[in-house]
Participant: 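Mind looking over this structure? Questions follow.
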Amino acid sequence: MTYNFDFGWLLVYYPQILHGIAITIELIVVAAVVGIAVGICCAWVRALGPAWLKPPVTAYVELIRNTPFLIQLFFIYFGLPPLGLRLSELEAANLAMVVNLGAYSCEIIRAGIQATPKGQFEAGASLAMTPFETFRHVVLVPALQRIWPALSSQVIIVMLGSAVVSQIAAQDLSFATNFIQSRTFRAFEAYFFSTVLYLVLAILLRWVLARLGRIIFPRTVAR
Amino acid sequence: MSDFTIWDIVRNLLLATRWTVVLSLAAFVGGGVLGAILLFLRIGKRRLLRNFVKYYVELFQGTPLLMQLFLAFFGLGLFGIDVPAWVAAGAALTLWTAAFLTEIWRGCVESIARGQWEASSSLAMGYVQQMRHVILPQALRVAIPPTVGFLVQVIKGTAVTSIIGFVELSKAGTEVTNATFEPFTVYGIVALIYFAMCWPLSKASQSLERRLNVAHRNQ
């Protein structure tokens, strides 16, 4: 192997890399907040909601969970404009990630809701809480606490999966990497460096989510 | 411009689906074999090897599959090998699958009660005998549903290999779109083909879990 590694381009292209990291973080923050909100709504429908709403939500969840994210992204970005819904690259990437995480988090949160002991619902009702109040205060918070580790893993998986949004020219970290390698022809170094950055992002995200879990769910909440 | 019927689109996509299936199976089988070897190192007695596998799993679970594919594609090229896309795709997917299967199976082995190890050890069984006769037969029952479930992830993972130029279902979808200018129809059909492959596996995984769970309850 007579290849000389060269990371000198880092000095020139660091603004692109920083911009890419910022976009990747923006994408995952939006996807996590909105996606989990979608997931909570869908989980409520699947676990406790009215019967007529269940089939469409089930179809959404099953369809998303059994197709690749890349195809969902292409469908939203290339497939919807002919129907009149034209989105920018970033909007399409954001929407695809929200739709994707919404379906996965729905199943995770539903598992948490269904693990709630029946007595909790009865206790809520006996305190004259409406079904919504019971769900909001008695069921949902412990359910989220129960499944927080699984939900955190799913958020990290979606963040790593977001690398493919560069394929619709959303300017995230992998887009910046493609740009750099096309300018410098230092393909291996560029991809190696951004792989390390993704690893660091994943470790940081895991840490942030663990901290967030401790802040949102103080220890006093009953399991 | 010539006209394309739905059948033209579907036929071309189905032809490309073969390669999705082949790549999925190759990665699943290769990853399964490698994953089994890594599993033995991960739960073995040598600390150095245990840590090696731990970091291997961490690395592959903590980085995007797309980056792994690019590194395989350009990394193998550094050794002067001219890498066709299918080699890079197969290699990266195999390593990626092995990392996830090792971690899934480790969980299954560790779910076997401690007493099973102690009981078999008190019968003067060696490590291999314990594994062969006591631990693995029980762990296997627990392992089947999540393993089938992970096959779905592998099939979906093959879509990413289209980005390094491997022509499978997703890449064919892009090519057919470029010829027909009907992205809604084409990507819709592509999604349905993926769904037709993945959904039965997901359902099988769920029903296996319900059925095999009965044996697991008595621990």
Participant: Which answer fits Glu58(B), side chain, backbone, both or neither, if we ask what part of it has an atom under 4.5 Å from a heavy atom of chain A?
Facilitator: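 Both the backbone and the side chain of Glu58(B) come within 4.5 Å of chain A.
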Participant: Considering only residues two or more places apart or on different chains, which pairs with a residue in residues 159-170 of chain B satisfy side chain to side chain donor-acceptor pair (under 3.5 Å)?
Facilitator: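 Sorted pair list: Glu168(B)-Tyr194(B), Ser170(B)-Tyr194(B).
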Participant: I need the contact set between residues 31-60 of chain A and chain B: heavy-atom distance under 4.5 Å, sorted by residue number.
Facilitator: none
Participant: Which bit of Leu71(B) is near chain A, if near means a heavy-atom gap under 4.5 Å: side chain, backbone, both or neither?
Facilitator: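 Answer is both: backbone and side chain atoms of Leu71(B) are under 4.5 Å from chain A.
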Participant: Hey, does the side chain of Ser205(B) reach the backbone of Val148(B) with a donor-acceptor pair shorter than 3.5 angstrom?
Facilitator: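 Not a single qualifying donor-acceptor pair exists.
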Participant: Less than 4.5 Å to any heavy atom of chain B: does that hold for the side chain of Ser153(A), its backbone, both, or neither?
Facilitator: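 No part of Ser153(A) comes within 4.5 Å of chain B.
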Participant: So how far is it from Thr5(B) OG1 to Arg11(B) CZ, rounded to the nearest 0.5 Å?
Facilitator: 7.5 Å
Participant: For a 4.5 angstrom cut-off between non-hydrogen side-chain atoms, does Lys156(B) reach Val152(B)?
Facilitator: yes
Participant: Give the interface residues of residues 192-206 of chain A toward chain B, defined by a heavy-atom separation under 4.5 Å.
Facilitator: Phe192(A), Ser194(A), Thr195(A), Tyr198(A), Leu199(A), Ala202(A), Arg206(A)
Participant: Only pairs of heavy atoms separated by less than 4.5 Å count here; which of Val190(B), Ile163(B), Leu65(B) has the most with chain A?
Facilitator: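 That would be Ile163(B).
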Participant: Within this structure, what is the CG-CD1 distance for the pair Asn100(A) and Ile157(A), rounded to the nearest 0.5 Å?
Facilitator: 10.0 Å
Participant: Is the Trp96(B) to Phe150(B) ring centre distance short of 6.0 Å?
Facilitator: yes
Participant: Keeping the roles fixed (side chain from Ser166(A), backbone from Ala169(A)), state whether a donor-acceptor pair exists under 3.5 Å.
Facilitator: no
Participant: Can you tell if the side chain of Phe188(A) reaches within under 4.5 Å of the side chain of Gln181(A), non-hydrogen atoms only?
Facilitator: no
Participant: Kindly say whether Gly112(A) contributes a backbone atom to a donor-acceptor pair with the side chain of Arg146(A) at under 3.5 angstrom?
Facilitator: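 Side chain of Arg146(A) to backbone of Gly112(A), a donor-acceptor pair under 3.5 Å: yes, one is there.
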Participant: How would you list, in number order, the residues of residues 68-95 of chain A that have a heavy atom less than 4.5 Å from chain B?
Facilitator: Pro68(A), Leu70(A), Ile71(A), Phe74(A), Phe75(A), Phe78(A), Gly79(A), Leu80(A), Pro82(A), Leu83(A)
Participant: Hey, does the side chain of Thr97(B) reach the backbone of Gly31(B) with a donor-acceptor pair shorter than 3.5 angstrom?
Facilitator: no
Participant: Less than 4.5 Å apart, any side-chain heavy atom of Gln171(A) and any of His19(A)?
Facilitator: yes
Participant: Could you please spell out the steps behind the side chain to side chain contact (heavy atoms under 4.5 Å, CB included) verdict for Met197(B) and Leu169(B)?
Facilitator: CA-CA 12 Å; Met197(B) 288 189 284; Leu169(B) 182 50; 4.2 Å; yes
Participant: Chain A heavy atoms under 4.5 Å from Thr158(B): which part of the residue, side chain, backbone, both or neither?
Facilitator: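 Neither part; nothing is under 4.5 Å.
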Participant: Taking the six-membered ring for Trp and the full ring for Phe, Tyr or His, determine whether the centres of Trp9(A) and Tyr13(A) are under 6.0 Å apart.
Facilitator: no
Participant: Measure distances from Gln167(A) to the heavy atoms of chain B and classify the residue's part below 4.5 Å as side chain, backbone, both or neither.
Facilitator: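 For Gln167(A), the contact with chain B is made by the side chain alone.
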Participant: Would you confirm whether the ring centroid of Phe179(A) sits within less than 6.0 angstrom of the ring centroid of Phe175(A)?
Facilitator: no
Participant: Do any N or O atoms from the side chain of Asn12(B) and from the backbone of Asp8(B) form a donor-acceptor pair under 3.5 angstrom?
Facilitator: yes
Participant: Please rank Thr63(B), Thr174(B), Leu59(B), Thr185(B) by heavy-atom pairs under 4.5 Å with chain A and give me the top one.
Facilitator: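 With the most close heavy-atom pairs to chain A, the winner is Thr63(B).
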Participant: Could you check whether Glu110(B) pairs with Arg106(B) (Lys NZ or Arg NE/NH1/NH2 to Asp/Glu carboxylate O, under 4.0 Å)?
Facilitator: yes
